[in-house]
Amino acid sequence: MNERIKQLGASLCDWFDDRTGYRDLTHEALYENIPGGSRWIYVTGSMLVFAFVTQAVTGIFLWMYYSPGSQNAWESVYYITNIVKGGWLLRGVHHYMAQMMIVLLLLHLMQVVLCKAYTAPREINYWLGIVLMKIVLALGLTGYLLPWDQKGYWATKVATELMSLPPGGELIQKVVVGGSEYGHSTLTRFFAMHAGVLPALLIAVLALHVAMFRKHGITAHSSEKRPDEAFWPMQVFKDSFACFAMLAFVIVLTCYRAAELGPPAEPTESYGAARPEWYFLFLFQLLKHCGTHEFVGAIVIPGAAMGFLFALPLIAKVKYGHIVNCTVILVLVIGAGYLTYEAIDHDNYAERHSDKPTDPAAVDLWKERTKAANAFHEAQETALREYERTQELIDFYGIPKEGAAVGLVRIDPEIQGRRLFKRKCASCHSYLDKEGHGIAGPELPEGWESNKTAFGGPNLHGFASREWIEGLLSPAGIVSSDYFEFTAHGIPDADGAYSSDMVTFVRDDLVKADVPAIAAALSAEAGLLSQREQDKNTALIEEGRAKIADNCTDCHTFHEAEGGAAPDLTGYGSAAWLAAFIANPDHDRFYMGNNDRMPAFAEDEADPAKNLLTPHDIDMLVRWLRGDDADLHLKLNTTK
Amino acid sequence: MSDDLRRDDVANVDGSDESSEPSSQGNTRRGFFEIASIVLGAIVGVGPALIGLVAFLDPLRGRRTKPKLYEEGAGNGTSSLVRVASMEALSLGEPQRFLVIDDQIDAWNFTPDEPVGAVYIEKLTPSTVRVFNTTCPHAGCSVECNGTAYECPCHSSSFNLNGTKSVSGSGRANPSPRDMDALDYEVRDGEIWVDFKNFYTGRDEKKAKA
């Protein structure tokens, strides 16, 4: 029986071989001679092919979920990363294998150059290799945009902006971007390039590259000591072991640190930590060094380096040409490596160079770099916080059809309120918790201690909460940096007297024991979600209301009791009160012409377009300051 | 440098000639590397595809849960029923087509109150109706009602107003394997609430899609 099966198998194989000639093909593939025998150093080519195949396979599976388009791209990548089972691994392998390809390319190139494998008769194959390298770099660039997150969006935008520099570049840019601005067409084009055009080109050139490699064989170092070997099995083993190790490494890397996804792209919200993928960092840094000569940094120098790479086989024909080639390549690699290091170092300048330089000439540069690095890290932290918040919003509301950026992020007070505060309010106000985390206000002007003038405003973290009001109503608190120290109200004259009636009242007249009740009652006006439970204690609030009537209504209006020229405390800290206050603090309801320096952000009620802030902006700011949307579940339960 | 060495020039190594190996120890070593190559090659060959396959088969995992805001509102015991129409709007014996409006989960998008399907409702008595899914049980097209019968524009399935397959005058076979798919409903305060479901088509038994 066994014999018959064997016979049947053999005749099936014969039948197949007669029609396909597979035996010869396999034989040719597996028994290619390697002069000098198999070596580990020969694995880079096979690893590159394997890495590409992995990219093609994982890419096609990613394609089954990915949707190009500015309302779907980020959303579909979010879906792959967070919802689809195993999607994070799939995306991670694709993400890291792309980077492995770049590393391998570099190794492969160095190896080819140092081993002189680019010279006759292999010049054409070398040029094909350089073309392959350019294709792979283009794959990296186009792939970086596809998730449509802040980082990919802004980093890629820089690359396409630079495209317009050379003559005719404006047209190229328009064609690549699919118009003048980024949008749907940019994504559909980049995706078609990334998943269609470039891989097809790569396969075609790779086929030629491998065919020519087979024609010329390995550039071997045959020696007396090492006998020749066939490709099978030792070189196959080395190749497959190296590929296996690389795949395992990439999987481990993904488990250790999943492929990043930032908050969705927002074309009007620049991302301060936008950097290209690490293998393009040297170009980024080069551009920085070139200052205003972008053309030199972005086109001339990289172009010259590329031109040199192409010219290597020709240069090699000259005496000492090979040595020149090796030297220049090493210089280029070391230079690019240094620029990469420098870019990373500058982004982490603050912690790596925390000591102020002793040389006074270097202080300014040190300050500049520290500031830039701090801004970089802050932008990264903000991006992380915004991504996590977006995740919360998605879990709670789901992703609407208009996409997460428009349908969730743009109308979320936690994200927008904070952004607006930084832009519009932080030039005077800080927003810092007890530990000093949050948004810093303006820096203390130099020499301020000796010549105090108003330059800032109160810390608005926890505004209108009991704690905040109690701080305001304490003699030390009211003139502290959290409240009026940086305002006209909190700066004493030469005799140590304050011009502000409020400050004088709190320091001299207010009975300390009355403060908790007053704070409770005033804070209850705000109806803060975070104090919902405390505000149920109506006895304390009633007591406080009576005390406000006794203590405060000479100056402040409070419900029925009409006061004087100080801000109306009815509904203090409520959404309506805050919105009206931000709109115009100088209004008769508030400072009545006695306002310190706060601008009216929406003075013109009839024509919102004329104001500094739109009604939507004010709504975002107010809800964020009050923490209305901070806890979505609490918000929901309260509305119920 | 042996740059010019060509494969064709060298005929000394040929794996098919196992006897050229010097010793049995060498053979074992070689055997090990052959097996290791095949095993490792197989792993790297199918590994990436397997990872992709897990993600690809994700739709088999079943329905997604709704976002929390909508999940919490659903706890009123009527979760599977959807209000479709008012009894008042219907006239006896005249089937009307209505859209079924429900929360829709479409991969990454969640859309509350979105048309998710359509039904025909025919008022039989002041308090009872007949509800059919508009999907033809034959191949999933949408049937139309002409007032006296339901007809499918795709392959000419036709049904009586009571949902049973009709026989054409010419004796042509009705391609639908079963009667139209009736849906359960409740009438609450004059409102018709339907238990909306889609069913697998092209088979005799009526089986709801999960």
Side-chain angles (χ1 to χ4, degrees), chain A residues 27-28 30-33 35-36 50 53-54 57-58 60-62 64-65 72 75-76 78-80 83-87 89-90 93 97 116 119 121-122 214-217 219-222 228-230 232-234 236-237 240-241 243-244 247 251 394-401 632-633 636, chain B residues 1-16 29-61 64-73 103-112 114:
Chain A
H27 194 267
E28 199 179 333
L30 288 180
Y31 296 104
E32 154 114 21
N33 180 55
F50 168 66
V53 171
T54 304
V57 170
T58 51
I60 286 170
F61 280 111
L62 284 169
M64 309 222 178
Y65 287 102
N72 275 339
E75 290 69 13
S76 59
Y78 179 87
Y79 184 68
I80 294 169
I83 314 284
V84 172
K85 186 147 194 135
L89 182 62
L90 177 64
V93 169
M97 198 56 100
K116 216 178 169 183
T119 52
R122 295 184 175 83
R214 301 296 296 208
K215 177 176 164 56
H216 296 296
T219 313
H221 316 266
S222 58
D228 287 5
E229 250 182 307
W232 173 262
M234 282 318 289
V236 175
F237 170 75
S240 44
F241 183 83
C243 293
F244 171 79
L247 182 63
I251 291 174
I394 291 172
D395 287 346
F396 196 75
Y397 296 108
I399 301 178
K401 284 187 172 162
L632 294 169
H633 293 275
L636 179 72
Chain B
M1 269 298 153
S2 58
D3 280 15
D4 298 321
L5 269 182
R6 301 276 171 87
R7 173 170 33 86
D8 313 335
D9 304 331
V10 187
N12 61 336
V13 181
D14 188 337
S16 62
R29 184 171 171 269
R30 189 187 163 97
F32 167 77
F33 285 114
E34 282 180 356
I35 290 168
S37 299
I38 292 167
V39 171
L40 290 174
I43 293 174
V44 298
V46 299
L50 275 182
I51 292 171
L53 212 57
V54 172
F56 177 63
L57 296 178
D58 183 69
L60 297 180
R61 278 206 300 154
R64 305 253 176 255
T65 50
K66 288 183 184 179
K68 295 194 179 96
L69 178 62
Y70 301 92
E71 194 178 66
E72 285 161 337
D103 296 343
Q104 187 195 53
I105 300 172
D106 180 7
W108 50 88
N109 284 137
F110 176 82
T111 319
E114 182 78 355

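Heavy atoms closer than 4.5 Å to chain B are found in both the backbone and the side chain of A/L89. Using a 4.5 Å cut-off between heavy atoms, A/F237 contacts chain B through both its backbone and its side chain. Looking at A/F50, the atoms closer than 4.5 Å to chain B (heavy atoms on both sides) all sit in the side chain, from C-beta outward. Interface remark: A/V93 contributes side-chain atoms only to the contact with chain B (heavy atom separation under 4.5 Å). Heavy atoms closer than 4.5 Å to chain B are found in both the backbone and the side chain of A/Y65.
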Would you mind writing out the side-chain donor-acceptor pairs for residues 43-61 of chain B within the sub-3.5 Å range, not counting sequence neighbours?
| from | atom 1 | to | atom 2 | distance (Å) |
| --- | --- | --- | --- | --- |
| B/D58 | OD1 | A/K85 | N | 2.9 |
| B/D58 | OD1 | B/R61 | NE | 2.8 |
| B/D58 | OD1 | B/R61 | NH2 | 3.1 |
| B/D58 | OD2 | B/R64 | NH2 | 2.5 |
| B/R61 | NH2 | A/I83 | O | 2.9 |

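Contacts of B/Q104 classified as side-chain contact (heavy atoms from CB on, under 4.5 Å), with partners at least two apart in sequence or in another chain: A/K401, B/D106, B/T111, B/E114, B/V116.
When atom types are taken as modelled, the side chain of A/R122 and the backbone of A/G217 share a donor-acceptor pair closer than 3.5 angstrom. Under a 3.5 Å cut-off, the side chain of A/N33 and the backbone N or O of A/A230 do not form any donor-acceptor pair.
If you tally non-hydrogen atom pairs under 4.5 Å between each of B/S37, B/G41, B/P112 and chain A, the highest count goes to B/S37. Across A/I394, A/N72, A/T58, A/I251, the residue that shares the most heavy-atom pairs under 4.5 angstrom with chain B is A/N72. The choice from A/C243, A/G398, A/P233 that makes the most heavy-atom pairs within less than 4.5 Å of chain B is A/P233.
Annotation: the span from B/N109 atom CG to A/Y79 atom OH amounts to 10.5 Å, rounded to 0.5 Å.
Between A/F396 and A/H633, the two ring planes are perpendicular [angle over 60°; tilted spans 30° to 60°].
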